[in-house]
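Because the structure is a prediction, the values reported are computed rather than measured. In what follows, every heavy atom counts, from backbone to side chain, and hydrogens, waters and symmetry copies are set aside.
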Amino acid sequence: LGVCELCATSGAFAAKLVDGTVVTWGYKSVGGDCQEVSSRLRNVHQLSGSNGAFAALLEDGQIVTWGSPYAGGDSSGLQDRLCPDVRKRRRTRLDGNRLALVLEG
């Protein structure tokens, strides 16, 4: 399968494949191992990497994070606020260390 997007942290890489899945490699502590969230990394729309963590925006609007919890890799306590009503979502963009949600009316 081909790679259509590549992101990096300070010591790891994540590649989004054309089938919407993700593969990672590098230091586990900064996102090089996505095994704990791999079952959720399907239908990935976009990837973003910070200094020590990755975030994946899924086609349904959900956000999946992994890597160092100190660099944003643990969003488990925020999932209810990170999953907007997809019907109202106009644009969602991951940009470096920022997540931008632009909602309709």
>> Let me confirm one number: the SG-CZ distance from Cys34 to Arg40, rounded to the nearest 0.5 Å.
In response: 12.0 Å
>> Using side chain to side chain contact (heavy atoms under 4.5 Å, CB included), reason through Thr24 and Trp66 one step at a time and then give a plain yes or no.
In response: CA-CA 11 Å; Thr24 59; Trp66 69 98; 3.8 Å; yes
> Say you draw a straight line from CZ of Phe54 to SG of Cys7; how long is it, rounded to the nearest 0.5 Å?
Replying inline: 6.5 Å
> Tell me, do Leu17 and Val23 make a side-chain contact under 4.5 Å, heavy atoms counted?
Replying inline: yes
>> What's the separation between atom OG in Ser68 and atom NZ in Lys28, rounded to the nearest 0.5 Å?
In response: 13.0 Å
>> Applying the side chain to side chain contact (heavy atoms under 4.5 Å, CB included) criterion to Val44, which one of Lys16, Glu59, Glu5 satisfies it?
In response: Lys16
> What heavy-atom pair brings Gly31 and Ala12 nearest, and what distance separates the two atoms?
Replying inline: C-CB, 3.8 Å
>> Treating Ser48 as the side-chain partner and Ala55 as the backbone partner, does any N or O pair qualify as donor plus acceptor under 3.5 Å?
In response: no
>> Could you measure the distance from the CG atom of Leu57 to the CD1 atom of Ile63? Nearest 0.5 Å is fine.
In response: 4.5 Å
>> Donor-acceptor check, side chain of Thr9 to backbone of Val30, threshold 3.5 angstrom: yes or no?
In response: yes
>> Would you compute the distance between atom CG of Asp60 and atom CG of Leu58 and round it to the nearest 0.5 angstrom?
In response: 5.5 Å
>> Go through it in stages, so that I can follow the logic: the residues are Leu47 and Val22, the test is side chain to side chain contact (heavy atoms under 4.5 Å, CB included), and I'd like the CA-CA distance, side-chain angles, deciding distance and then a yes or no.
In response: CA-CA 9 Å; Leu47 285 175; Val22 173; 4.0 Å; yes
> Is there a donor-acceptor pair under 3.5 Å between the side chain of Ser10 and the backbone N or O of Asn51?
Replying inline: yes
